[in-house]
Structure formats: structure tokens, C-alpha cells
Amino acid sequence: MSGKFSKGLTDFEWAVLKATLEIPLGETRSYKWVAERIGRPQAARAVGQALRKNPYPIIIPCHRVIKANGDPGGYGGKQDPRKARLLAQERDIAARIRLLGARGGGGA
DNA sequence: AAGTACCGTTAAA
DNA sequence: TTTAACGGTACTT
């Protein structure tokens, strides 16, 4: 039984994608974080595989998933500075949302 | 610091 | 069908 929903993805991948979608905005989690969440604390590598495939790069914030060292994961070395840039933007957005909830004043 | 073992998917032979 | 490779972490040396 693999991929009872969309063919091409397995239950494992769905679990990884789901866990990645649950990562709060402006925050980052490690592959192990996802691995433990899906019930495979030792499958951090397999998690990286599912993210590497990332069938929905627009919906799945794979950039929020980094290594436990704080280094950006990626393949064969590193991805691109875009990842850090993207994370910085998300952080800004999260900060803005926090301000709105704090006093709902005009930000900028 | 370096090497090894673990998990799950994909590509190739 | 079987083998090789990719990708991150923890443990051991």
C-alpha cells in the first residue's frame, strides 16, 4: 500500500510532507524533527529523500527543514543562498503577524 | 575529525 | 530481481 491517494507518492512521503506543512511560519525544524514526528526517528535520511523530491515545492516549505547543525540540507553539498533569504523573509512575516496580534497597530 | 550504521526511495543492470 | 547510490544523525574510535 503505497500511495493510496496520489500515485507516485508513498505513505512515508505523505507523512513527511504533512509534518513539513505543520512547521510554524518563520521557524525551522531539523530532518530528525520530521523523522520523529512521522514515527521514524532513525529515518532522517529518508526524510531528506522525500523533501528532495518535493512534489509540491509551492505548498511544501521544504526550506524550513534544515540539518540539526543549523546548516541547510540540500543535495550534493548545498542548495542556494535563496534558502537563507527565504527563511529571512518568513521570519519578517512572522514578526509582522506577531505585531498585529500584539497591538494591531500600523506596522511600517 | 573520521568512519560506520540506520531508513526509505530511485535508477540502473 | 538485485545492487548501488543518495541524503542527515548519533554513536564510536
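Chain naming here is simple, since letters A, B, ... match the order of the sequence lines and numbering starts at 1 in each.
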CG of Asp11(A) versus P of dC7(B): gap in Å, rounded?
-> 18 Å

Minimum heavy-atom distance between Ser30(A) and Val65(A), given as atom pair plus value = C-CG1, 4.2 Å

Where at least one partner belongs to residues 18-27 of chain A, residue pairs that pass salt bridge (Lys or Arg N to Asp or Glu O under 4.0 Å), sequence neighbours excluded = Lys18(A)-Glu22(A), Glu22(A)-Arg37(A), Glu27(A)-Arg29(A)

Taking all atoms of both residues into account, what is the closest heavy-atom pair of Leu21(A) and Pro61(A), and its distance?
-> CD2-CD, 3.9 Å

Hey, could you give me the CD/CZ distance between Glu90(A) and Arg85(A), rounded to the nearest 0.5 Å?
-> 13.0 Å

Spatial distance of atom CG (Leu87(A)) from atom CZ (Arg64(A)) [nearest 0.5 Å] = 8.0 Å

Between dG7(C) atom P and Glu13(A) atom CD, what is the distance in whole Å?
-> 15 Å

Go through residues 29-42 of chain A and report each residue with a non-hydrogen atom lying under 4.0 Å from DNA chain B, sorted by number.
-> Arg40(A), Gln42(A)

Report the distance from atom CG of Leu51(A) to atom CD1 of Ile66(A), rounding to the nearest 0.5 Å.
-> 12.0 Å

Got a sec? Which of residues 47-55 of chain A come in under 4.0 Å of DNA chain B, heavy atoms?
-> Gln49(A), Lys53(A)

Between Ala19(A) and Ile38(A), which heavy-atom pair has the shortest distance, and what is it?
-> CB-CG2, 4.2 Å

Just how far, in rounded Å, is P of dA10(C) from NZ of Lys67(A)?
-> 11 Å

Gap separating the CG atom of Leu17(A) from the CZ atom of Phe12(A), nearest 0.5 angstrom = 10.0 Å

